[in-house]
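Worksheet: the structure to be examined is printed underneath.
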Amino acid sequence: MPAIEQLGAAKRTSPLWSDKDVTVIFVLGGPGAGKGTQCQKLVSDYGFKHLSAGDLLREEQDRPGSEFGEMIKANIKEGIIVPMEVTIQLLENAMQKQMEIDGAGGKNLFLIDGFPRKLDQAHHFERTVVPSKFTLFFECSEAVMEKRLLQRGETSGRADDNLESIKKRFRVFVETSMPVVNEFESKGKVVRVSAERGPDEVYRDVQEKFKERGVEPITIKFVQTA
Ligand SMILES: Nc1ncnc2c1ncn2[C@@H]1O[C@H](COP(=O)(O)OP(=O)(O)O)[C@@H](O)[C@H]1O
Ligand SMILES: O=c1ccn([C@@H]2O[C@H](COP(=O)(O)OP(=O)(O)O)[C@@H](O)[C@H]2O)c(=O)[nH]1
Ligand SMILES: [Mg+2]
């Protein structure tokens, strides 16, 4: 990727896509709330494509020759939000790539997981890439999230799944990311689900809320041939 000020979204003044052609649902919730877990379920039942901002940043961090690698690494370890231009460009690139793969018949349904984590990101993405349909927000206590993250840390290999980084991430979530949820909430654009129970119970609630919002699972029609 080129220098930050050269990135496409940094220069555009109107959205790249219309929300009539491209559906984006933001997925938010504290670290360890279960965003990734629920997104995987939605992918198989609803035909969404899942884009995790954190995964895209980790991929860019590890890409040989990336000029942002060191900066991303340092930010993730400290739980700090990476400058939005980088994250938005990575998301836009991933969406573009997916649309090229799907071609004209594609449904262009995207779950954007772990983003926007800051108000400026939310505003900039909606102004320069595409406005979101709504935000799926997972509510979870810090005690539960901490337990899940420490357990995930046993095998994830993630530099931020340790108690010190987890505490910092909780703080950033409350101070920086919750204002995003509150702003979307004031516009009636938040679907709130409790994430305290097991993955299947949480998912049942997600499906119910999606139905209320008119988002239906994929139905496979079986055609009788004989
Ligand atoms: N509802 C749940 N109950 C118990 N454990 C869960 C639940 N959802 C996710 N987990 C586990 O908790 C950890 C964090 O989940 P993940 O989906 O990675 O969360 P996030 O993307 O919000 O950080 C993972 O190890 C996952 O397997
Ligand atoms: O839009 C984003 C999303 C993630 N991150 C960084 O990536 C880290 C991990 O995010 P991820 O969503 O993978 O963590 P999760 O909430 O799933 O545990 C965050 O703490 C931030 O440092 C960021 O800077 N901007
Ligand atoms: Mg995640």
Side-chain angles (χ1 to χ4, degrees), residues 4 9 24 26-43 50-62 68-92 94 110-126 129 132 135-181 193-206:
I4 284 188
V24 160
F26 292 139
V27 182
L28 293 178
K35 301 179 293 296
T37 303
Q38 294 299 318
C39 283
Q40 277 181 11
K41 292 176 179 290
L42 286 164
V43 163
H50 173 212
L51 298 178
S52 156
D55 287 350
L56 291 170
L57 286 166
R58 282 182 286 272
E59 210 177 282
E60 175 67 18
Q61 169 197 298
D62 297 335
F68 303 119
E70 284 308 312
M71 178 273 284
I72 293 172
K73 192 173 186 173
N75 280 303
I76 287 185
K77 180 97 200 297
E78 294 299 310
I80 299 168
I81 314 292
V82 171
M84 65 171 176
E85 289 81 358
V86 173
T87 314
I88 292 176
Q89 189 67 47
L90 290 170
L91 285 167
E92 181 188 319
F110 293 98
L111 292 171
I112 299 200
D113 162 8
F115 175 95
R117 272 178 145 92
K118 199 173 172 184
L119 270 176
D120 66 348
Q121 294 182 330
H123 297 153
H124 202 68
F125 182 92
E126 294 206 308
V129 183
S132 64
T135 294
L136 173 59
F137 173 55
F138 291 109
E139 270 182 315
C140 200
S141 66
E142 288 192 359
V144 168
M145 295 193 289
E146 183 181 303
K147 196 163 149 251
R148 288 181 188 170
L149 289 174
L150 289 174
Q151 201 165 7
R152 186 175 74 181
E154 288 169 14
T155 53
S156 68
R158 276 179 55 163
D160 59 349
D161 279 348
N162 58 76
L163 204 52
E164 200 187 336
S165 296
I166 291 168
K167 295 285 180 204
K168 291 178 180 168
R169 290 155 72 198
F170 284 166
R171 200 186 157 103
V172 170
F173 174 69
V174 171
E175 291 177 355
T176 311
S177 305
M178 273 313 289
V180 175
V181 178
V193 172
S194 166
E196 299 268 340
R197 292 181 298 161
D200 292 338
E201 280 123 330
V202 174
Y203 187 54
R204 233 169 282 142
D205 287 349
V206 170

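Remember, it's 1-based here, ligands and their atoms both numbered in the order they're listed. Along the sequence shown, residues carry numbers from 1.
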Contact check: V202 vs ligand 1, nitrogen or oxygen atoms, below 3.5 angstrom
no
Would you call M84 a ligand 2 contact, heavy-atom distance under 4.0 Å?
no
Any sub-3.5 Å donor-acceptor pair from E78's side-chain atoms to K168's backbone N or O?
no
Does R117 reach ligand 2 with a nitrogen or oxygen that is under 3.5 Å from one of the ligand's nitrogen or oxygen atoms?
yes
Considering distance alone, does some N or O of L149 sit under 3.5 Å from an N or O of ligand 1?
no
How far is atom 20 (O) of ligand 2 from the closest protein heavy atom, and which atom is that?
G79 CA, 3.9 Å
Could you check whether any heavy atom of P199 sits closer than 4.0 Å to an atom of ligand 1, since that is the contact criterion I want to use?
yes
Note, S177 side chain near L28 side chain (heavy atom, < 4.5 Å):
no
Looking at atom 23 (O) of ligand 1, what's its closest protein heavy atom, distance included?
G32 N, 2.9 Å
Can you tell if the side chain of V27 reaches within under 4.5 Å of the side chain of Q38, non-hydrogen atoms only?
no
Pick from R197, R152, E201, E154: the one approaching atom 25 (O) of ligand 1 most closely through a non-hydrogen atom
R152
Does NZ belonging to K41 count more than 12 external heavy atoms closer than 6.0 Å?
yes
For ligand 2, is there an N or O atom under 3.5 Å from any N or O atom of I80?
yes
Has E139 got more than 12 heavy atoms of other residues, nucleotides or ligands less than 6.0 Å from its CD?
yes
Output the list of atoms in ligand 1 that are nearer than 4.0 Å to some heavy atom of G198, sorted by atom number.
1 (N), 3 (N)
Answer yes or no: does an N/O atom from P31 fall short of 3.5 Å to an N/O atom of ligand 1?
no
Protein contact of atom 8 (C) of ligand 2 - nearest heavy atom, named by residue and atom, plus distance:
I76 CG1, 4.0 Å
Side-chain (R117) to main-chain (I81) donor-acceptor, under 3.5 angstrom
no
Pair L90, E59 - check side chain to side chain contact (heavy atoms under 4.5 Å, CB included), show working.
CA-CA 10 Å; L90 290 170; E59 210 177 282; over 6 Å; no
For atom 6 (C) of ligand 1, which candidate among Q151, Q40, R169, R148 provides the closest heavy atom?
R148
Between K35 (side chain only) and G30 (backbone N and O only), is there a donor and an acceptor less than 3.5 Å apart?
yes
Please state which protein non-hydrogen atom is closest to atom 21 (O) of ligand 1 and give its distance, to 0.1 Å?
G36 N, 3.1 Å
Side chain to side chain contact (heavy atoms under 4.5 Å, CB included), that's the test. Do T87 and L56 meet it? Break it down for me.
CA-CA 8 Å; T87 314; L56 291 170; over 6 Å; no
Under 4.0 Å from a heavy atom of R58: which atoms of ligand 2 are those, numbered in the order shown and with their elements?
9 (C), 13 (O)
Sub-4.0 Å atoms of ligand 2 with respect to non-hydrogen atoms of I81:
24 (O), 25 (N)
Can you tell me if R158 has a non-hydrogen atom under 4.0 Å from ligand 2?
yes
Check each atom of ligand 2 against the heavy atoms of F115 and keep those under 4.0 Å away; list them by number with element.
1 (O)
Check V82 against ligand 2 and report side chain, backbone, both or neither, counting heavy atoms closer than 4.0 Å.
both
More than 12 heavy atoms of other residues, nucleotides or ligands under 6.0 Å from CD of E164: is that the case?
no
Of the backbone atoms (N, CA, C, O) and the side-chain heavy atoms from C-beta on, which set of R152 has a member under 4.0 Å from an atom of ligand 2: side chain, backbone, both, or neither?
side chain
Polar-atom distance check: R169 versus ligand 2, any N or O pair below 3.5 Å?
yes
Give the atoms of ligand 1, by number and element, whose distance to some non-hydrogen atom of G34 is under 4.0 Å.
8 (N), 9 (C), 15 (O), 16 (P), 17 (O), 19 (O), 20 (P), 22 (O)
Looking only at atom types and distance, does a side-chain atom of Q121 sit under 3.5 Å from a main-chain N or O of I88, one as donor and one as acceptor?
no
Salt bridge (charged side-chain N to carboxylate O under 4.0 Å, His left out) filter on E142, not counting sequence neighbours, yields none
Does the T176 side chain pair with the main chain of K118, one donor and one acceptor, at a distance under 3.5 Å?
no
Between D113 and ligand 2, does any nitrogen or oxygen pair lie at a separation below 3.5 Å?
no
Could you tell me which atoms of ligand 2, counted from 1 in the order shown, lie closer than 4.0 angstrom to a heavy atom of G114?
1 (O), 2 (C), 3 (C)
Closest to atom 23 (C) of ligand 2 by heavy-atom distance, out of T87, N75, L91, L57, is L57
Numbered in order shown, the ligand 2 atoms found under 4.0 Å of a heavy atom of Q121 are 1 (O), 25 (N)
At under 4.0 Å between heavy atoms, which part of K73 makes contact with ligand 2: side chain, backbone, both or neither?
neither
Under the side chain to side chain contact (heavy atoms under 4.5 Å, CB included) criterion, do L42 and L136 qualify, and how do the steps go?
CA-CA 12 Å; L42 286 164; L136 173 59; 4.0 Å; yes
Report the part of K35 (side chain from C-beta onward, or backbone N, CA, C, O) that has a heavy atom under 4.0 Å from ligand 2; answer both or neither where that applies.
side chain
Candidate pair D161 and R152, rule salt bridge (Lys or Arg N to Asp or Glu O under 4.0 Å), full reasoning:
CA-CA 7 Å; D161 279 348; R152 186 175 74 181; 2.9 Å; yes
Taking the side chain as everything from C-beta on, heavy atoms only, tell me whether R158 gets closer than 4.5 Å to S165.
no
Among V27, D200, T37, whose heavy atom sits nearest atom 16 (P) of ligand 1?
T37
Please verify the inter-ring angle class for F125 with F26; under 30° counts as parallel, over 60° as perpendicular, anything in between as tilted.
perpendicular
